[in-house]
**Q** 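My questions will all concern the structure given below.
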Amino acid sequence: AEGDSRKLRLELRALADVGLFGLPNAGKSTLIRAVSAARPKVADYPFTTLAPNLGVVRTDERRSFVVADIPGLIEGAADGAGLGHQFLRHLQRTRLLLHVVDILPPDPDANPVKDARAIANELKRYDESLFTKERWLVINKIDLLETSVRDKTVKAFVRALKWKGPVFAIAAVSGDGCRALTYAIQDWLD
């Protein structure tokens, strides 16, 4: 007798402890460069990243975690807009999500609060369990703000977003605030 034959389609998902998500150009690749030895391509145009970048973050000789930089999400990603589905599925196997937001987008008409809400909504539309997963807000590019208004701008953003979870204000390009973020992540994962 002949044996059974079967066609299988296997899907590989990035396996990481922490997943970064946000709009294109929010600074996800720059953040991964700042905290790990990974060297993703960084450029100032959207969709530089087309596949997840993985980086290992060492907090001391015995402790580390893996972070995945998921390519920029756009509104409609849950419907497959852009490469939405390919990106969103990689977030499903992470334990912690970091929503990376550009506090001062170059487009003068951009509304970072509205955009942050729209991207979080894509998680919910794609998979409710993604939306309810532990999620932290990482406000990036604070180096573009005058020192005197940084705290006020960050607080105003958090208030407007009605965000209740953990918040970290960083400048990934200089590494400012990244150490505190990585140690908080390690403590949470442990």
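FYI, the numbering just counts along the sequence from 1. Note that these values count all heavy atoms, side chains included, but never hydrogens, waters or copies made by symmetry.
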**Q** Could you report the tightest heavy-atom contact between Ala68 and Ile32, atom names first, then the distance?
**A** C-CD1, 4.1 Å
**Q** Val154, Val138: one ILVMFWY side-chain cluster at the under-4.5 Å cut-off?
**A** no
**Q** Quick one: pull up CH2 in Trp163 and CZ in Phe157 and give me the separation to the nearest 0.5 Å.
**A** 10.0 Å
**Q** Rounded to the nearest 0.5 Å, what separates atom CD in Glu134 from atom OG1 in Thr94?
**A** 11.0 Å
**Q** Quick one: pull up CG in Asp127 and CG in Leu91 and give me the separation to the nearest 0.5 Å.
**A** 10.0 Å
**Q** Testing the basics here: between Gly27 and Asn140, what is the closest heavy-atom pair and its distance to 0.1 Å?
**A** CA-ND2, 3.5 Å
**Q** How far does CG of Leu20 sit from CG of Asp69, to the nearest 0.5 angstrom?
**A** 6.0 Å
**Q** Do you know the tightest heavy-atom contact between Ala16 and Leu54?
**A** CB-CD2, 4.1 Å
**Q** Search all heavy atoms of Asn25 against all heavy atoms of Lys28 and return the closest pair with its distance.
**A** N-NZ, 4.4 Å
**Q** Would a hydrophobic clustering, with Ile, Leu, Val, Met, Phe, Trp and Tyr connected at side-chain separations under 4.5 Å, put Val158 with Leu145?
**A** yes
**Q** For Asp102, which residues count as a side chain to side chain donor-acceptor pair (under 3.5 Å) partner, sequence neighbours excluded?
**A** Lys141
**Q** If we only count heavy atoms from C-beta on, is the Leu97 to Leu123 side-chain gap below 4.5 Å?
**A** yes
**Q** Can Arg95 and Leu189 be said to form a side-chain contact (heavy atoms from CB on, under 4.5 Å), step by step?
**A** CA-CA 8 Å; Arg95 290 170 57 200; Leu189 291 170; 3.7 Å; yes
**Q** May I ask you to test the Phe65-Thr59 pair for a side-chain heavy-atom distance under 4.5 Å?
**A** yes
**Q** If Ile, Leu, Val, Met, Phe, Trp and Tyr residues are connected whenever their side-chain heavy atoms lie under 4.5 Å apart, and connections chain through other members, are Ile185 and Val100 in the same group?
**A** yes
**Q** For residues 52-63, which residue pairs qualify under salt bridge (Lys or Arg N to Asp or Glu O under 4.0 Å), counting only residues two or more places apart or in two chains?
**A** Asp60-Arg63, Arg63-Asp187, Arg63-Asp190
**Q** Just wondering, do Cys178 and Leu31 contact through their side chains at under 4.5 Å, heavy atoms?
**A** yes
**Q** Within a reach of under 6.0 Å around CZ of Arg179, are more than 12 heavy atoms found that belong to other residues, nucleotides or ligands?
**A** no
**Q** So do the side chains of Leu96 and Asp17 get within less than 4.5 Å of each other, counting heavy atoms only?
**A** no
**Q** Do Leu104 and Val173 share a hydrophobic cluster, counting only Ile, Leu, Val, Met, Phe, Trp and Tyr and linking them when any side-chain heavy atoms are less than 4.5 Å apart?
**A** no
**Q** Report yes if the side chains of Asn121 and Phe131 come closer than 4.5 Å at any heavy-atom pair, otherwise no.
**A** no
**Q** Closest heavy-atom contact between Val113 and Leu161?
**A** O-CD1, 3.7 Å
**Q** Flag yes if more than 12 heavy atoms outside Glu128 fall under 6.0 Å of its CD atom; otherwise flag no.
**A** yes
**Q** First locate atom NE2 of His99, then atom CD1 of Ile119, and finally report the distance between them rounded to the nearest 0.5 Å.
**A** 6.5 Å
**Q** Taking side-chain contact (heavy atoms from CB on, under 4.5 Å) as the definition, give me every residue that meets it alongside Asp176, ordered by chain and number, with sequence neighbours left out.
**A** Ile142, Arg150, Ala171, Ser174
**Q** Out of curiosity, does Leu181 fall in the hydrophobic cluster containing Val167 (side-chain heavy atoms, cut-off under 4.5 Å, transitive links)?
**A** no
**Q** If you compare all heavy atoms of Asp115 against all heavy atoms of Ala110, which two are closest, and at what distance to 0.1 Å?
**A** OD2-CB, 4.3 Å
**Q** Does the side chain of Phe168 reach to within under 4.5 Å of the side chain of Leu98, using non-hydrogen atoms?
**A** no
**Q** CD1 of Ile170 to CD1 of Ile103: how many Å apart, nearest 0.5 Å?
**A** 11.5 Å
